[in-house]
J.: 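Here you go, one structure.
Naming convention: chains lettered A, B, ... in sequence-line order (proteins, then strands); numbering from 1 in each chain.
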There are 2 protein chains.
Amino acid sequence: MKGDLSIREVAQATGLSAHTLRYYERIGLLSPVGRDAGGRRRFAARDLDWIAFLQRLRSMGMPIREMCEYAALRRDGDSTLAARRILLQKHFDRVRQEIALLEESANVLEAKIKLYGEMEEAASHFCHPE
Amino acid sequence: MKGDLSIREVAQATGLSAHTLRYYERIGLLSPVGRDAGGRRRFAARDLDWIAFLQRLRSMGMPIREMCEYAALRRDGDSTLAARRILLQKHFDRVRQEIALLEESANVLEAKIKLYGEMEEAASHFCHPE
DNA sequence: CTCCTGCTTTGAGTGCGCTCTAAGTCAAGC
DNA sequence: GCTTGACTTAGAGCGCACTCAAAGCAGGAG
């Protein structure tokens, strides 16, 4: 079927390894992927969107466990919309907090780096006055 | 000596566990801590600042390995100022990039959450028209 | 003196998220 | 038919950052 992808193609398209894709299916992040006559996986084109979303969640630090919860809810259909929204919202809040924390720390670090620069300046003047 | 702290006190002050403090010393994040007659650790008050800085670096996702490098440079004195600055700068850049990435993802997620909200709205109108 | 608590050490165990190995299957190319 | 190479599976292994266990000692309370 057109739009059908081998695990290799999906790996290349997503940047995940074939190992990881199998692992994701095993733990339920991906619903069981179709197989060809030889038992090889054939991904649907729209699986790519889902995988991209999974990558987005991972990049935001959502633990695999929670992503599995989300995936399970998704499989249960429209009746889980609210539950899914709540799950995402919870993580969204954590991410916003994490961003704020990182930003504060980054500012402190930046100040420290600047200080180091000044200390190096001073040291070089001390060694080579004028 | 005044300003001398037991491992328990340092744990409480920093939020790290006593286990973790011993671990940090073992791997060289903390230079060897003084002991009392009974072999028990006695932290100096200024160790707290260093530990706080370590926590800052950890919270920014610096790997322990790099923190050890930094700690080793620090022990080698003023001649390593530039090397330390470079190490921090490298991590600072990574953090800024990570923040940008998180922010972008958070925005995408926010949009998705909003969409979920609208879908729930629409569904409830469908079930209870007018 | 005995008991208890809190520390000491070395080294093993844990949870996470992959990552890889081993052994086997299948389809294509020579 | 045989080889090659990409795939399959179940399950083991890895790197990180802790976290805990076991065995033992030091000092204080009773």
Side-chain angles (χ1 to χ4, degrees), chain A residues 1 4-44 47 51-72 91 94 98 101 105, chain B residues 1 4-44 47 50-72 91 94 98 105:
Chain A
M1 194 215 265
D4 239 33
L5 300 159
S6 73
I7 198 168
R8 170 154 289 268
E9 289 166 326
V10 175
Q12 292 200 337
T14 61
L16 295 175
S17 73
H19 285 309
T20 302
L21 288 168
R22 289 190 207 102
Y23 165 69
Y24 277 9
E25 185 185 355
R26 211 161 60 213
I27 64 176
L29 275 185
L30 306 176
S31 355
V33 177
R35 309 296 156 116
D36 67 11
R40 267 163 272 159
R41 285 170 181 78
R42 303 266 68 198
F43 289 81
D47 288 342
I51 293 170
F53 183 59
L54 290 179
Q55 290 181 288
R56 179 80 70 183
L57 292 180
R58 277 299 297 137
S59 80
M60 290 194 280
M62 181 182 280
I64 292 275
R65 186 177 8 85
E66 245 168 80
M67 289 169 56
C68 285
E69 269 179 63
Y70 184 84
H91 191 67
R94 283 202 299 258
E98 168 73 3
L101 214 144
S105 288
Chain B
M1 193 213 266
D4 238 35
L5 300 158
S6 73
I7 197 167
R8 169 156 291 268
E9 288 165 327
V10 174
Q12 291 200 337
T14 61
L16 295 175
S17 72
H19 285 311
T20 301
L21 288 168
R22 288 190 208 103
Y23 165 69
Y24 277 9
E25 185 185 357
R26 210 160 62 210
I27 65 176
L29 275 185
L30 306 176
S31 354
V33 176
R35 309 295 156 117
D36 67 11
R40 265 164 272 159
R41 285 170 183 77
R42 304 265 68 196
F43 290 81
D47 288 341
W50 171 239
I51 293 171
F53 183 59
L54 290 178
Q55 290 181 289
R56 179 80 71 183
L57 292 180
R58 276 299 296 136
S59 80
M60 290 194 280
M62 181 181 280
I64 291 276
R65 185 178 10 84
E66 245 167 80
M67 289 169 57
C68 285
E69 271 179 61
Y70 184 84
H91 191 68
R94 283 202 299 259
E98 169 72 3
S105 288

J.: Sequence neighbours left out, what passes side-chain contact (heavy atoms from CB on, under 4.5 Å) with S59(A)? Give chain and number order.
T.: L101(B), S105(B)
J.: Does any part of the side chain of R58(B), heavy atoms only, come nearer than 4.5 Å to the side chain of L54(B), both counted from C-beta?
T.: no
J.: Suppose we screen for side-chain contact (heavy atoms from CB on, under 4.5 Å). Which residues come up paired with A11(A), at least two apart in sequence or across chains?
T.: L21(A)
J.: Please assess V10(A) against D47(A) for the test side-chain contact (heavy atoms from CB on, under 4.5 Å), listing each intermediate value before the final yes or no.
T.: CA-CA 9 Å; V10(A) 175; D47(A) 288 342; over 6 Å; no
J.: Hey, could you give me the CE/CZ distance between M60(B) and R94(B), rounded to the nearest 0.5 Å?
T.: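 Answer rounded to 0.5 Å: 10.5 Å.
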J.: Using a 4.0 Å cut-off on protein heavy atoms (strictly under), produce a 5'-to-3' string for nucleotides 18-25 of chain C with B for base contact, S for backbone-only sugar-phosphate contact, and - for none.
T.: BBBB----
J.: If I compare all heavy atoms of F43(B) with all of L30(B), which pair ends up nearest, and what's the gap?
T.: CE2-CD1, 4.1 Å
J.: Along DNA chain D, 5' to 3', what are the outermost nucleotides having an atom less than 4.0 Å from a heavy atom of chain B?
T.: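 Extent of the interface on DNA chain D: dC16(D) to dG27(D).
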J.: Separation of M67(A) atom CE from dC16(C) atom C1', in whole Å?
T.: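 Atom-to-atom, M67(A) to dC16(C), this comes out as 13 Å.
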J.: So, taking the atom named CZ in R42(A) and the one named CG in D36(A), what distance separates them when rounded to the nearest 0.5 Å?
T.: 6.0 Å
J.: Can you name the nearest heavy-atom pair linking T14(B) to Q55(B), along with the distance?
T.: O-NE2, 2.8 Å
J.: Using 30° and 60° as the class limits, which term best fits the ring planes of W50(B) and Y70(B): parallel, tilted or perpendicular?
T.: parallel
J.: List every contact pair, protein side and nucleotides 1-7 of chain C side both N or O, where the distance is under 3.5 Å.
T.:
unit_1	atom_1	unit_2	atom_2	d
dC7(C)	OP2	R8(B)	NE	3.2

J.: For DNA chain D, whose closest nucleotide is more 5', that of A37(B) or that of R35(A)?
T.: R35(A)
J.: According to the side chain to side chain donor-acceptor pair (under 3.5 Å) rule, which pairs have a member within residues 21-30 of chain B, sequence neighbours left out?
T.: E25(B)-R35(B), E25(B)-R41(B)
